[in-house]
Each structure stands twice: as C-alpha cells, then as structure tokens.
Engineer: 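Please find one structure pasted underneath; my questions will follow.
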Amino acid sequence: MSRPDARADAREPVRQPWLWVGVIAIILAGIPWYLPEGAITPIVLGVPLWTLSAVGSSVALCGFLHWALSRHWNLVEDDEEATTGPTDTAPGERGERG
Amino acid sequence: MDNLTFGGSAGVTVLVAYAVAMLLIGYFIGGRKTNARHSMKSYYLAGGNLGVLVLFFTLYATQYSGNTIIGYAPEAYREGFAWWQSVTFFTAVIAGYMLFAPRLYVLAKQHSFVTPTDWIRYRFDSSPLVLLSTVLMFWGLASYLLEQLIAMGHAIAGLTGDTVPYQIAMAAFVIVMLLYSWMGGMRAVAFTDVMQGIAMLLGVGFLLAGAFYLSGGSVASTTQYLIDNKPEAIAVPPLEDSINWFSMILMVGIGIVLYPHAIQRIYSARSERTLKRSLQRMVWMPLVTAGVVFCIGLLGIRLFPGLSEDDSELLVGLIANEVASLNVVFYVAMVLLFGGIVAAIVSTADSALLSLSSIVSKDIVARYTRVEDEHRQVVIGKVVGVVVVLGLLVMAWHPPATLVNIFVLKIELLVQLAPVFMLGLYWKRLAVWPTFWGMAAGAALAGGMTLAGTGTVHGVHGGIIGLVLNLAICVGGSLLLRSDESADGGSATPVEHVKDA
C-alpha cells in the first residue's frame, strides 16, 4: 500500500477548505438564528417556512456530504482495488467487495 | 404502560427469539472459527475485512442505539421542532469521520493498528499522553456501557409492562451479550448489528405510519393543532437555543467519531472503497432514523397531549400500543420494533464492551505485562471486559443518582481527543506536552462544568468550551515550543506519512 499522499492525484476531504465552508454554511442556514423569536408564519406546504428550511438544510447536507465522499476521497482506493484481494473472509462477507 | 397490547407473553416471546438469534449468530460466526478468537486483529477487528453491508450496519449500530428511539421521541415531544437538530447532528457525524478517517484508515492498515491508542503511541510516542487518552476512552466506554445497561432494563420492563422486571431483563441480556461477544468477537457483534438495524429501521417506519394515521393523516392539520395548542413547539426558538443547536451539532459531530469503537470500525474496513461506500449510505440514515423518530415525537403532542416530563419518557410505548391495536400487520410490526429496540441497545453495548476489552488486551496487557502469547492477551482482555460489565451491572441494579450523574460524562470528555486525531494526523508541529496539557485542561474544564451543573454557557456546551481551551493550549504551546523537534517542523516521532495539510 502506498503512502496516503504519495500519488499526485490523491484526494482527501480535509485538503478542500471550501468543502468545509460549504458544510458550515449549510448547517448555519438550517438554524433559525437569523429569524425573530416566536415567529411561526409564513406557512408553506402545511408547515412553517423556517421548519421547511431546516429540513431542506439537512437534506442538502446529506447530499453534499454524499457527493464530497465520492469526489474528494481517494488516497489508496485505486491501488487497493488493483492489488489487494480479500483476506480472512468471514461467512456472508464473500462477494461484497466493491 | 401496564396494559400493552403487544406486551406480556408476546413481548417475552420476541425477546427470547432475539436472544436465541444473537446467540446463534455468535456461535456460527465465531464459535466454530477458533482462529477468530486467537489473534487481536481477528477478534477485535474482524480481521480488518468487513464488507460494505456489514460495515454499514455496524457503523449504524454504533451511532444509533435503541435509546435513539425511546429517548429522542420524548425530546421532540418536549422541545418541539428545535429537536430537528438531532437529524443534523447525526449527519455532522459523517463530516466528523471525513476530518480524519481517510488518512487514519491508510495508516491503520500500514501499521496494523488495533486500538485508537495505537495511533497516539505511533504519532507521539509519549506514555503520559497515551495513558491520559486511555483513561478518557476507558471512562467514555464504561459510561456508555452503563447507560446502555440501564436503558436495556428500562426498555424491557417498560415495553413488557413489567412482565419482565428491570433487573431480570438487564441480567438476562447481559449474559446473552457476553456469550455471543465471547464466541464471535467483532464478527458476531457486526452481524448482530445487521439484524438489529433491519428490525429498527422497519419498526420505526411502521411506527411513524401508524402514528400519522392515528393523528389524522394530514401535515397541515397537525401543524394547525400545534399552533392552537402548543405554539412554542413550532415557533422560532430564542437565539440562545439556536446557539445551543449549533454547539450540539459541533459536539456530537466531533465527539461520536472519537468513541473508541467508532475508530475501530475505520480499522475494520476491508478497503478504502468499502469504508467510503458505507459512509455514503450512513449519511442518509439520520433522515430515516432520527428524522422519523422526531416526527413520531411531534405527532405524540397531538396523540397524547399534556404529558409530564416523566410520563413523556413513555411516549414510544404509548404510541406503539395504540398503533399495535390498529390491525394484525401493525401488531406484528410493533412486536418486531420492540425486539429491535432491545436488540439495538444490546448491540450498541456489545460494541463498547469489545472496544473496552481490546484496550485492556493491547494497551495494558500486551504493553505492561509479560504475557506474550496473543491468544492469552485476548482472553485476559475478554475476562476483564466481563468483570467490568458485571461491575457496571451491580451499579445499574439500583442506580444511585450520584453515580449515574458522574457517568453522564462521555462525549464532553471524548471530544477532548479531537486534537490528537484531527490535528495530529496533519500538523507535524503538534508537540507532546502542549497536547497533553491541552487535553487535561479541556477534560477538567468540560467535566467540571458538567458536574457543577453548568452544562452550557450562553447555549455553548461545556465540551466545546473545553475543546477551545484544549486547542488554545496545544496549538499555542506547539507554536511557542522551540525545542529541536519542533524547530525543524518535525514531531516527537518521525511520521513518514504525515505532512502539513
């Protein structure tokens, strides 16, 4: 297995500052710190708009992290998939690779 | 709760069925494979070979306990929409993994790490720092285990309407847990996690469907009901609550991933792709677990209005009872949910137990005794784990409030480990002694605040305040330290694969 940062195209989430800015921004957008205390209206789709934005923020965070995991994390995956086979395989675990 | 439709003999039957299933998994997964019990990597990490599906479910069981259902629905009932934060903080846990798991996974494979402390020893080579980290982790795991044992007893007694008394329930399932963990180690734990995960996900889905049907089946009418009867549940909370919301997301997002059993799941992954794909699935689970439980709690406001704080703790049982009365399909689903909740608590406890035993085997017996045979080291770890669980069982038998209050300290302390993992992996200049004193000061401040009853300051949790102090000391101290090791940008131990991020 190669070093974590050996490959020129190695990707690691912690090296993408804008990714973390995005995470914090999405989280902050879902917390109603910017709205007046006690506000309930307007009602949209049967619920207060602020609750809808909180739910939307959570869904957006899930989607954003899912995307970040697939696009910004690849340290040894290519090497492992090319060279390493499963060892010490447990019952029921066979064929799960990939 | 005394006349549960699905309690009594049905509840006892499903409990026995789950217990037998767990024992069979332990026997068939590990009992017949003696090698699984001989080496540390095999027993504690399933050989570092868990595939996507099993790794996903064991990560799921690590993050979500039966407590997530029976404890979080009442929180939503009492706090209202502000408890939606539970969905976000569980999602933030995946961001927490992304901060350090990619690199830690590679290093763990290269250097055969078994316990989280292996990384700390490799990076810092400092006995005091390793010892302090071990104490915090051991405390966190023991507290977590105690909480699960008490939850186990209450869940079974409550959900069977006391057909099975608290103490008997706890003792019986502790024995089951010890047996299958002893036989199968991480493999048995991970495969029982699959069973509990499926039961829990299906059960909460049916519980929500039933609760939604009972409350009238309309989001708009439920909202109107809340506006008319409990407007504070659906109104924008005060600014301090919003600050608390953000603080909670930070603390849980960073803290949960630092539980030793969570870190060991990174080590257990078969490959980077396996780990990544499991986390990609995990990222959606807060919506279908905490989100669903949150909705059930809000619907409970309409179904059972005006419950006191104590009575609201029984909310899930009350709703499940009503839902089970609807028809035979819901009845069966609620029986499965009931077993799933108990199995979820047991399988969360078993992960903590296994991790605790691994720390004893690898970090204490293998390091500080003359026992050199790895199989014997594993056995001693298992025996100490059993003794610790039995000690906790005695404490949980008649839990004295003071002891339980001391043991509420978990995540506030574990979050103080963040610098050794999240900074230590990327910043070479992070030096030993500032890190040690930062961790000690952060843990003392966070622990002191919690024990003094000052859990938050202007909404910010003691754990986060302690972490800020911790970071100030370890970063400031490392920058100021002009020793040879830091002057050239190095660290206490040369870390070949770590470079500044």
Side-chain angles (χ1 to χ4, degrees), chain A residues 1-6 11-15 19-20 23 27-28 30-40 43 45-48 50-51 54-55 57-59 61-63 65-66 68-70 72-77 79-81 84 86-98, chain B residues 28-29 36 42 46-54 81 84-85 87-88 91-92 94-95 98-100 102-103 105-107 109-110 187 191 218-220 223 227 231 234-239 242-243 245-246 249 270-274 276 279-280 283-284 286-287 291 426 496-499 501:
Chain A
M1 189 181 292
S2 60
R3 314 167 23 156
D5 51 5
R11 281 169 281 147
E12 202 171 7
V14 80
R15 293 179 179 278
L19 194 153
W20 299 99
V23 168
I27 289 173
L28 285 177
I31 302 172
W33 54 274
Y34 48 86
L35 293 172
E37 180 184 342
I40 294 178
I43 305 286
L45 299 174
V47 295
W50 79 268
T51 64
V55 172
S57 152
S58 292
V59 176
L61 186 62
C62 295
L65 291 174
H66 185 101
L69 282 164
S70 57
H72 294 284
W73 178 357
N74 188 336
L75 291 179
V76 292
E77 183 177 348
D79 294 343
E80 279 183 339
E81 296 305 310
T84 314
T87 54
D88 195 23
T89 308
E93 286 272 56
R94 291 177 202 281
E96 274 188 26
R97 192 171 173 79
Chain B
F28 283 107
I29 296 297
S42 186
N49 195 33
L50 290 182
V52 177
L53 187 69
V54 177
F81 200 87
W84 181 259
Q85 64 184 266
V87 176
T88 317
T91 311
I94 306 303
M98 287 165 66
L99 279 171
F100 71 108
R103 187 169 291 222
Y105 163 79
V106 180
L107 292 168
K109 291 288 177 184
Q110 287 175 341
R187 281 183 188 81
F191 277 83
S218 158
V219 174
T223 302
I227 291 172
I234 206 163
V236 170
L239 180 62
S242 289
I243 294 171
W245 185 328
F246 186 66
I249 290 168
R270 177 185 294 162
S271 68
E272 183 177 286
R273 181 178 288 182
T274 302
K276 196 163 68 176
L279 290 175
Q280 279 178 320
V283 86
W284 298 100
L287 291 171
Y426 305 102
E496 180 190 356
H497 301 137
V498 178
K499 70 178 186 182

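Protein chains get the first letters and strands the later ones, always in sequence-line order, with residue 1 at the start of each. Atoms considered below: every heavy atom in the structure, side chains included; atoms not considered: hydrogens, waters and symmetry mates.
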Engineer: Over 60° means perpendicular and under 30° means parallel, so classify the ring planes of B:Phe81 and A:Trp50, tilted if in between.
Structural biologist: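 The rings of A:Trp50 and B:Phe81 stand perpendicular, inter-plane angle above 60°.
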
Engineer: How long is the span from the NE2 atom in A:His72 to the CG atom in A:Leu65, to the nearest 0.5 Å?
Structural biologist: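 So the NE2 of A:His72 and the CG of A:Leu65 are separated by 11.5 Å.
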
Engineer: Using non-hydrogen atoms and a 4.5 Å limit, figure out which bit of B:Ile249 sits close to chain A: side chain, backbone, both or neither.
Structural biologist: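 Contact with chain A: side chain only.
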
Engineer: Using a cut-off of 6.0 Å, state whether more than 12 heavy atoms not belonging to A:Trp33 lie near its atom CH2.
Structural biologist: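 Open: at most 12 neighbouring heavy atoms sit under 6.0 Å from CH2 of A:Trp33.
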
Engineer: Has B:Trp84 got a side-chain atom pairing as donor or acceptor with A:Thr51's backbone, closer than 3.5 angstrom?
Structural biologist: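 Not a single qualifying donor-acceptor pair exists.
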
Engineer: Between the main-chain N or O of B:Pro102 and the side-chain N or O of A:Glu12, is there a donor-acceptor pair closer than 3.5 Å?
Structural biologist: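 No, A:Glu12 side chain to B:Pro102 backbone: no donor-acceptor pair under 3.5 Å.
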
Engineer: Checking B:Pro231 against chain A: side chain, backbone, both or neither under 4.5 Å from a heavy atom?
Structural biologist: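 Backbone plus side chain of B:Pro231, per the 4.5 Å heavy-atom cut-off to chain A.
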
Engineer: Taking every heavy-atom pair that is under 4.5 Å apart, which of A:Pro48, A:Ser58, A:Ser70 has the most such pairs with chain B?
Structural biologist: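 Answer, by heavy-atom pair count under 4.5 Å with chain B: A:Ser58.
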
Engineer: Which one, B:Ala235, B:Ala92, B:Gly291, leads in non-hydrogen pairs under 4.5 Å with chain A?
Structural biologist: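 Of the candidates given, the most pairs with chain A belong to B:Ala235.
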
Engineer: Measure B:Ile234 against the heavy atoms of chain A and call it side chain, backbone, both or neither at under 4.5 Å.
Structural biologist: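 Looking at B:Ile234, backbone and side chain both touch chain A.
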
